[in-house]
Protein chains: 2
Amino acid sequence: MSNIREIAERAGVSIATVSRYLNGSGYVSEKTKIKIQKEIEKAGYTPNALARAIFTKNSRTIALMIPNITNPFFNQMVTAIEDYANKIGYSLFLYNTGDSREKEKECLEVIKSYRVSGIIASRSQCKEEYSEINIPVVSFENHISSSIATVSSDNYNGGKMAFDHLYDRGCRNMLHIKGPRNFEATELRCKGFVDAANKKGIKVDIVEFETDFQVQILEEYLKRIENIKKYDGIFVFNDIAAAVVMKHLKGIGISIPHQVQLIGFDDSFIGELLYPSLTTIRQPIKEIGTLLIELLIKQINREKVEIKDYLLETKLIKRESTL
Amino acid sequence: MSNIREIAERAGVSIATVSRYLNGSGYVSEKTKIKIQKEIEKAGYTPNALARAIFTKNSRTIALMIPNITNPFFNQMVTAIEDYANKIGYSLFLYNTGDSREKEKECLEVIKSYRVSGIIASRSQCKEEYSEINIPVVSFENHISSSIATVSSDNYNGGKMAFDHLYDRGCRNMLHIKGPRNFEATELRCKGFVDAANKKGIKVDIVEFETDFQVQILEEYLKRIENIKKYDGIFVFNDIAAAVVMKHLKGIGISIPHQVQLIGFDDSFIGELLYPSLTTIRQPIKEIGTLLIELLIKQINREKVEIKDYLLETKLIKRESTL
DNA sequence: ATATGATATGTAACAAGTTACATAAAGATA
DNA sequence: TATCTTTATGTAACTTGTTACATATCATAT
């Protein structure tokens, strides 16, 4: 790959002039512009963004850390972020942390070395590791520190809505299948559900799953639940797990929603494709992704950003798995 | 962020010594190593990978272009590639092309500027655009040029297996719902299906869809199919579309597999969660991802790689949507 | 005592770009 | 015509790291 010196030499100008032409900064005469452009095309030259980044101290890259792209929720988030980044000329580094603190730490080291302009963390398991970084960071769901903004949807209210919906449809003997402990969202969904139940003087059962998305493991957990038939309403922490629950219930001859009503969380595309289709709590995924990157870009551009919890509204989507 | 000069000064050595320490190259005394390490920790210094990349001409980054991460097939591919890349210390740039030639071209420009070590293209719509690039490239599904290796699963045989399976289960009046035209895989799946039908002297109908994954648009297309009830077997180009077909059929009171048998393609996780679960043609996604990056890394390391079609075996997964 | 090899470190050139500053020419204004 | 402003270009220093080469020290072998 040729470099700016080569182009300058061939065009018979200095590298400063070529640089000015490339950046549209300073003065370059029309004649010179044409000469330079010709040589650039002849050589198939593309400016080296790495060299540029070293000097300008802005690589125009964003590191996106997610637990697992395979999760429909996260891949929709990635899509929204990629889309936005692309439009404003930023590139995305993708890192799968697999919900592992160790892996997240390792990623962070690599991310630092690439001098990314900003970091989007999601469901972060690290805290102090971020304190030494002087790169703008925004976080999805889990809180990192008091100097990092957190975006999430209103999980607490989501849990509350799930309970109220099931209650309104006549359920009095409910189960909540709770997600893994290290997700803050999990706790809030559960708390919202339980608080709403208490308000009505109803006792609900809670079972905790330690995986969020691996179908086979979810199935294993399900088998351990004793006498699942006794419940008339089940609120599951995400749609994939809800789909697995649905399949399990069908497998033991339980009809949904007549015997058991089922409600998921996220509003993944899968909910619509299930039979019966799944009532769920919608998270505004696209808005979450967009807000995350907007907040990040503002910080990168040194605009003022309020460091706080950004809570986006959840919404109940009524489908066929509830009456 | 501090730099190597600062560390060198603080540790009272030259930058060359610090560089040697960081790279584990050349001699550095134990005493000096300790001094340097102390200063690195004190300053929270991480070497600048961009500067390193300029000199070594290897950024240890890979650009991954995919049509759409939202597609479960592609996100599993990304997972396999990310996993491998991570293990060998490479970082991934992610670009969503949205199956648009224009967007792919734009991405390519950005990718070139970042001097990535290699490119993984998938379902590429470009040809000559790659000829000027002197960066290793591997392609998934669509062919780019005679100098670029292509990895895909055996779509032709997949189509053939789909027909044979439906035929063996008694179907004689079959429909193939074909994917978008610009996917080479689409044509091969169709051809395999049709060729197998011809061999048995059976005529099959073909309907072409122009989207692969947007549920609402898929539903629109479905509504246009006249008298879908007359078929006793439907082979759909992917599992998501098959799920939509299944839902549509259920909606108009058709029982699967008794009235219509259904077979998908890919073996997405969704197939297992449907009711009835979906018979499908499995693509070895993980193997595809791994082979793609293995071939790429070999080329990056200037090892010999055969430039040819790498065809991975497809496999029929029998579930409940066929008899 | 001298030569040889291993260890340790520094200097300076290199990779690719950006930009402050200097300079020069052309055009505009007094 | 003299001066000022605008336009156009170049020089050189700067961003961060790597490495070839030079040099120095020390231990061992002859």
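Below, chains carry the letters A, B, ... as their sequence lines are ordered, and counting in each starts from 1. Please read all numbers here as calculations on a predicted model, not as lab measurements.
- Closest to the side chain of B/N48, out of D/dT18, C/dT11, D/dG17, is D/dG17.
- For A/L22 and B/G12, each mapped to the nucleotide of DNA chain C holding its nearest heavy atom, the one lying further toward the 5' end belongs to B/G12.
- Closest to the side chain of A/N3, out of D/dA20, C/dG17, D/dT18, is C/dG17.
- B/R115 has a side-chain polar atom (N or O) that falls below the 4.0 Å cut-off from OP1 or OP2 of C/dG17.
- Nearest-nucleotide positions on DNA chain C for A/P47 and B/K35 put B/K35 closer to the 5' end.
- Using a cutoff of 4.0 Å between basic side-chain nitrogens and carboxylate oxygens, B/K112 and B/E109 are scored as salt-bridged.
- Neither side chain, B/N142 nor B/S124, offers a donor N or O lying under 3.5 Å from an acceptor on the other.
- Rounded to an integer number of Å, the gap from B/I4 CD1 to D/dT18 C1' is 8 Å.
- The distance between atom CD1 of A/I54 and atom C1' of C/dC14, rounded to the nearest whole Å, is 13 Å.
- Scanning atom types as modelled, one donor and one acceptor separated by under 3.5 angstrom connect the side chain of A/R5 and the base of C/dA16.
- OP1 or OP2 of C/dA16 has at least one side-chain nitrogen or oxygen of B/K57 nearer than 4.0 Å.
- Ring centroid separation for the pair A/F73 and A/F140 comes in under the 6.0 Å cut-off.
- Side-chain atoms of A/R20 stay outside donor-acceptor range of the base of C/dG17, with no qualifying N/O pair under 3.5 Å.
- A/F55 does not carry A/K57 over the face of its six-membered ring by the limits of under 6.0 Å from the centre and within 45° of the normal.
- There is no side-chain donor-acceptor pair under 3.5 Å between B/S59 and A/Y114.
- When distances are taken from the side chain of B/F55 to each of D/dT19, D/dG10, D/dT15, the shortest belongs to D/dT19.
- Nearest to the side-chain atoms of A/A51 among the listed nucleotides C/dA16, D/dT19, D/dT15 stands C/dA16.
- Rounded to whole angstrom, the span from the CD atom of A/E6 across to the P atom of C/dA15 amounts to 11 Å.
- Within 4.0 Å (heavy atoms only), B/V13 reaches sugar-phosphate atoms of the nucleic acid but no base atom.
- In this structure, the OH atom of A/Y114 is 15 Å from the C1' atom of D/dT16, given to the nearest Å.
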What does the list of N/O pairs under 3.5 Å between the protein and nucleotides 3-8 of chain D look like, with a distance for each?
from  : atom 1 : to    : atom 2 : distance (Å)
D/dT7 : OP2    : A/Y27 : OH     : 2.6

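- Distance NZ (A/K112) to P (D/dT16): 17 Å, rounded to an integer number of Å.
- Between A/P136 and the choices A/Q299, A/K298, A/R302, the side chain to side chain contact (heavy atoms under 4.5 Å, CB included) rule is met once, by A/Q299.
- Atom CD of B/E9 is separated from atom P of C/dG10 by 12 Å (rounded to the nearest Å).
- Counting any heavy atom pair closer than 4.0 Å across all strands shown, A/Y45 reaches sugar-phosphate atoms only and no base atom.
- As judged by a 4.0 angstrom heavy-atom cut-off over every strand, B/T17 is placed among residues touching the sugar-phosphate backbone only.
- Of the two residues contacting DNA chain D, namely A/K33 and A/I15, the nearest-nucleotide position lying further toward the 5' end is that of A/K33.
- When each of C/dT9, D/dT18, D/dG10 is scored by its nearest atom to the side-chain atoms of B/S19, the top-ranked nucleotide is D/dT18.
- No side-chain donor-acceptor contact under 3.5 Å links A/Y95 and A/E106.
- In this structure, A/N23 atom CG and C/dT19 atom C1' are separated by 10 Å, rounded to whole Å.
- A cation-pi arrangement is present between B/K308 and B/Y310 under the rule of less than 6.0 angstrom and at most 45 degrees off the ring axis.
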